[in-house]
Each structure stands twice: as structure tokens, then as C-alpha cells.
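Let me begin by presenting the structure, written as C-alpha cells, before commenting on it.
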Amino acid sequence: MPGSADAPVVVENLNHYYGKGPLRRQILHDVTTTIPAGEIVIVTGPSGSGKTTLLTLVGALRAPQAGRLRVLGHQLDGANRTALENVRRRIGFIFQSHNLLGALSASQNVQLGLRVTGRAARVELRRRAEAMLEAVGLAEHAHKRAEQLSGGQRQRVAIARALVGEPVMVLADEPTASLDKASGREVVDRMQSLARERGTTILLVTHDNRILDVADRILHLEDGRLATFTDAVIANTQQMMYLLAQNTDRQHVEQLVDAMDETAFRSTLQGADAAVAEIPRSDRDGERRSLPEHARAVAARLYAPGRRAA
Amino acid sequence: MAAERTWTRLLPSVPLGWLQLWHKPLRLTVAVAGIAFAVLLILMQLGFRSALFESTLRFHERFRYDIALFSTDSVFIVRPAPFTIRRLYEAMGSPDVESVSPVYIFPATWKNPWTNARRSINAVGIDPTRNVLDTPGFADTHSRLVGQDVVLFDRASRPEFGPVGESWRPDAPVSTEINDRAVSVVGLVEIGPSFGIDGTVLTSVDNWLRLFPDRSRNQIQLGLVTLKPGVDASDARDRLRSYLPADVLVMTKADFAAREKAYWNGATPIGYVFAFGAIMGLVVGAIIVYQILFADVSEHLREYATLRAIGYRNRFVSGIVLQQAAILAVLGYLPGMAAAWFLYRSAAHATRLPLHLTTDRALTVFVLTLVMCALSGFLALRKVRRLDPAEVF
């Protein structure tokens, strides 16, 4: 792989388990990947696929159990707590909920993100925090507490807190989950532009397909196994198509039922029975997944252009 | 650069603990009120405890003597057992001794001349020709006791004896009855009541024996021994002990006070009750602080986990909690101290006990408050220490 020696994240055969004894469950299976510097990598996958576990391992929030994990030049497998803490200080974290300190102003929250790096003088903290807030478009809200800000503004404060220390890498877990489409977009764009300016590596876990376009690379996790990018696209497309099919079918039937009188409804029912009978038995007993296709097949037979006009 | 880093960590740019407390003003108020109450409780208990000792030791400290002779059967100064005056004369035979003076002590019944109510008063008989008592008013008045049926009244006695101190004039002496014998008050002194004594009258030995006709001049309750100049009291005590029969206690001033103190502290429940009260105050305070801090930690667990996740060390988060404990200690101490100062004054006025807020006690209680809050802080910290930063995701 290109530049794997100085890549910020190198994962090799990483396995992770939760629980003990008979309850022990494997969360990550043999995950191997490399994230090159300056890339925006999005990790997708259904709930419980191990995305967050992977993120917490890369973020040095958990000690690796089996396999090799190198983050920002530090070997995390076998590292002690202090070493993990030192790595954490060089990473900017953005959480699903903003996790701001309620008692503090936006500026003070951002200062906390800078202070932990130990790389800014006391007198500089405030100035730099406020410059960062300005960069995320919250200059006039610096003195406000979290409860006085909207959801999108809070998440932007959280981003400012993550980025103010100029981290080499940013880890974000569902940063748009609690936001509407517009503020979610804005947050992601801010992250992208701020990261691009500084060449920051971003690892982003999300369910949100609306933001996939910012990624240089998409990793797809399914049951703790890393799938290829193509697999991920196919999985995503399948899911989208499935949702689309379900949705149009539902709308279609509703519109039809609204337009029907009693006679029409009866003949439709009879027609439907006949249509179902025409479908090969093996298909009828097929998996749940193909149900929308059944419905589509039935609909196609019922409302073939000729019949619909009549 | 390294020095600068240390600075940054040592001096918080944001006083987080204070902001966390200030963010919940109601809880802060409750916490401060609780600690103030605990401080007040501790100060009052300690105040009464020391007033107990101070008041019971008044006679031990104010009589002028180097060595006291006291019956081995006496438990404390209020109802001392008699012993033979011969021991005092025997002590006089010692080359260390300059002079001796007998003291007769027993409770008598005083009639309040205004209400005719009768009440037990401490009657002390002394040699009126000698200035044996170092207490305000005594030096000028003790010679008046040579007259018959006259007494000096302690103006700091409890008010139940009547407003003698307020109404007495040299030209208008107060007359009343003690043990049903007519006496007149010819002067005022100031001694003060204690937990065992409500009031005191001083009189001559002759008058004292008139009040207690069934008592003998040969049976005294306290012997005061004055040593020759330059004689060490402890050495003289040891010599007198071996010299006198074992039916009297031979004690220096310090021994005598210590014996009385040990009685009140150990043999009566009173000393214990006050010590217990002070400890209860401490426990109540500690529980309040713990509750407050625990609630605060529980509520901010997510925030603290976030701080740990972004790289702050455990020490930093613990520091926030301990900072809150220290702030609560100071904020609670100040109103508690103010309330105690006020209550000391009104209690001292009501009980006429020697209640005063000494700097020493104020400092002790401040340290106790800090310890109490720190202890609760450390208890509340156990939750912080178990924090898993991975859980914020």
C-alpha cells in the first residue's frame, strides 16, 4: 500500500471481543486497513457491525485485544494507559451528541479542547478558541452556553473543540445524527474544508448516506468484517432500492384505493386473487426480502396498460 | 516551554469546579446551607464542651494556692466530701509550706427575696482576712465578711436567684435567707455558674458554720496550701504525699484541674454528649457534601467521560470534583461561622456560661470542615475513577 509506513492509522488483523466466557462475542473479525494521511474515510455499516468499536480502538479509547494497531506512529497494542492518553491528545473527537460541558460557554468548551494538548500558553487559549469559533461561524455566540444554542450550533462548537488543537487526525461518530439535513450538511462541509486546509486525516462513522460524498474512501463493516468499497456501494444501493420499492408500492396502493368505488374494489380483489395464483409457488414462498417484488409483480399484472384504462 | 506547560495544567484557565457548582444555584444553596448547619453544630457542641470545662474549673483556677488538699472520697467540686482539718495543720509542719487556709463548700438553700422561691446555691466558707480568691470584686470586699450573717453574692449567678447584682447598692444591701437563716449581701463578686453550680455565695468560716449548724469546724472540704517562694510545686506535692496519710489527695493546681476535667469528661455523660454531638455534626456535614458531590458527578458523568476521551487525565477530572469540595467547604464555613458567632453571644447571655469563639476553635473547625469535604470528595471520586472514556461513543 502506498505510504503505509507513515500512514496515521495502520490496522492489521485486528480482532475484538466483548463479554467473557460463554457470553463472549466477537465484534471485529480480522480487520486490516490503512488510512493514509489527509484522507477522509467514512465507515458505514448497519448498527452492531462494529463501526464504533473500530473507532474507539483507533481513538485509543480502548486497548486492542488481538492484532496490531498503529496510530500516529504509536503502537497501541500492548500500550499502557498513559500512552493511550497521550495519543488521544493528538486526536480531535467529535461525538454523536455534542457532549459539551453545560456549565461552560462555547468559548470555554473550545478552550478545553486546546488546553489538553498543552501546546498553547494560557493567555493564548481564549484568543485561539474564539478564532476557531469564528471559523465555524459562531463568533457572536462565543459567550453562550450550550443550552442557549441550537443543535447545529452545538455540534459546530463540538467541531471547533475537536479542531482547535490542530489535531493530526479527527475521529467523528455520527456527527450528523442529531441534526436536520441542512445543518448536517453544513457541519460536514465545515469539517471537510477545515480538514483540507490543514491536511487532517478524518475517520468518520455514519449511517447517514447524505454525507457519503465527502469521503475519499468508504469502508463498509458488516458483522465485524471489512467489506470492499464495491460491496459497500452495492449494499448501499440495494438498501436504497429496497426502500424505494417499498415506498412507491405503498403510495401506489393508497392512491388506487382512494380512487375506487365498491364494485371496482371487488373486481380488484378478485383480480388480485387470480394474479397471486398465477405467480409460481416457489416465488410465493420466497424470502421476505423479495416481497416488494411480489407486490410489483402482482401490480404489474393487475394494472397492465390495457386493464388500467378500463 | 516545559515550564509553560506546567503552568497551563496547574492554573485552570477556566475554574471548572466553580462553574459546575454555579451552574446549579439551587443545589449550591442547599449544599452551602447544609455545610453551614454542620459547621454551626460542630462549633456549638465544641463551644458548650469547652464552656463545661472552663466553667467547672473556675474555683480550681481562681483560688490562690500551690497545693490543694481534697478528700479522696470527693468526686468533684460541687458536693465535696469532708476530711479532717488536721491534715492541713500537718501540712503546715512541712518546711516547704508558707501558709494554709481551709475552705468549706456545700450547697445551701437560697431564698429569692423577690419571689420567695428557694433554690440550691453553692455556699463557700473562707478565711475573710485573706485574699484567697482571684476573681473580680473579691479583693475589695472580702474583709466585709468578718461581720455576722453576711455574704458576698456572685453577680454572674443564674437569674433565678433574683436580680441581686442589679439592685444591690452599698447603701441598700439585699437581705434574704440562706438555709432559713437571715443574711444580708454586703458585696458583689463575679465568678459565674457552671454545669454543676447555678450560683455562689461566699462567706466567712464562722458564718458558714452558722448556715450549717450540724457541721463541724474540724471537717473541711478543701485545703489551700501556699508554698514558700522558690519551692517547686511538683516536688513539694510528692514530699507532702509521702508525708501525709493517704486519706487526702495532694494535688498541684494542674492536677486538681485535670482531676475535675477527667470527672466531667469520663464519669459524667456530659463531656461525651458534646463530643458525640460534634462528631454527629461532622458526619451529617460529610453526608450532605457526599450527596451533593455524588449527584453532581452522576449528572456530569458524560461530560467527565468526554474530558477523559479527549485526553484529560484522571487527575484533571478528579481535580474538578475536589475543587468543588473545597469551594463548598469555604462557602459553607463562612455562614456557619457567622451563625455560630451570633448564637454564642445569645447562648452566653442566656446561660451565663463562658462561651466564646476562640481563634483556635475557629481554625480547628475550618480544618475539620476541609477534611470533611475532602473525605466526601474522595468518596464521590470512586465513580470518576471507574469512568470508561469509550462509553461516550
Side-chain angles (χ1 to χ4, degrees), chain A residues 51-57 59-63 81-82 84-105 107-126 129 145-147 158 161-162 165 167 171-174 205, chain B residues 1-28 292-293 295-321 323-324 327 384-393:
Chain A
K51 308 184 296 281
T52 299
T53 306
L54 181 63
L55 194 72
T56 53
L57 281 165
L61 295 162
R62 276 180 214 287
R81 216 183 62 181
T82 317
L84 292 180
E85 280 171 357
N86 286 337
V87 171
R88 291 215 287 272
R89 290 174 181 213
R90 298 173 55 204
I91 299 174
F93 290 95
I94 300 167
F95 309 94
Q96 183 167 356
S97 87
H98 55 86
N99 282 351
L100 298 176
L101 268 64
L104 304 190
S105 69
S107 161
Q108 288 167 329
N109 266 297
V110 176
Q111 286 179 45
L112 279 176
L114 180 55
R115 192 177 148 199
V116 73
T117 63
R119 281 182 304 179
R122 227 166 88 76
V123 286
E124 256 189 87
L125 289 177
R126 195 191 161 107
R145 286 207 303 268
E147 63 201 22
R161 176 178 65 187
L171 300 184
D173 186 30
E174 307 272 7
V205 160
Chain B
M1 187 67 193
E4 201 173 72
R5 271 189 212 181
T6 328
W7 255 139
T8 323
R9 304 228 176 100
L10 277 182
L11 276 179
S13 60
V14 182
L16 261 174
W18 166 247
L19 289 174
Q20 297 283 55
L21 286 173
W22 188 244
H23 192 50
K24 300 265 183 241
L26 184 66
R27 183 184 293 168
L28 176 64
I292 295 286
L293 290 179
D296 181 88
V297 168
S298 307
E299 196 169 297
H300 296 119
L301 218 48
R302 210 182 159 73
E303 298 183 351
Y304 294 155
T306 304
L307 289 176
R308 296 278 285 113
I310 67 176
Y312 282 102
R313 299 208 195 279
N314 211 339
R315 225 178 25 219
F316 179 84
V317 179
S318 303
I320 299 174
V321 177
Q323 191 184 57
Q324 295 186 47
I327 292 169
V384 172
R385 241 176 274 133
R386 284 197 299 265
L387 214 54
D388 179 3
E391 275 177 14
V392 289
F393 279 104

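Of the two parts of A:Leu100, only the backbone, made up of N, CA, C and O, holds a non-hydrogen atom closer than 4.5 Å to a non-hydrogen atom of chain B. Looking at B:Leu307, the atoms closer than 4.5 Å to chain A (heavy atoms on both sides) all sit in the side chain, from C-beta outward. With a threshold of 4.5 angstrom between heavy atoms, A:Arg90 does not approach chain B through any atom at all. Of the atoms belonging to A:Thr53, not a single heavy atom falls under 4.5 Å from chain B.
B:Tyr312 approaches A:Gly113 most closely through the heavy-atom pair OH-N, 4.5 Å.
A side-chain N or O of B:Gln324 and one of B:Asp296 form a donor-acceptor pair less than 3.5 Å apart. Counted by atom type alone, B:Arg385 and B:Asn314 present zero donor-acceptor pairs between their side chains at under 3.5 Å.
Taking the ring pair (Phe, Tyr, Trp, His ring centres under 6.0 Å) definition, one finds that B:His23 meets it with nothing, sequence neighbours left out.
Each of A:Ile91, A:Thr82, A:Leu57 has some count of heavy-atom pairs under 4.5 Å with chain B, and the biggest count is that of A:Thr82. Comparing B:Leu21, B:Asp388, B:Ile310 by heavy-atom pairs within less than 4.5 Å of chain A, the highest count is held by B:Ile310. Top candidate by heavy-atom pairs under 4.5 Å with chain A, chosen from B:Arg308, B:Lys24, B:His300, is B:Arg308.
Within the 4.5 Å cutoff, side-chain heavy atoms of A:Arg115 are placed close to those of B:Phe316.
Counting heavy-atom neighbours within 6.0 Å of A:Arg145 CZ, excluding the residue itself, gives a total above 12.
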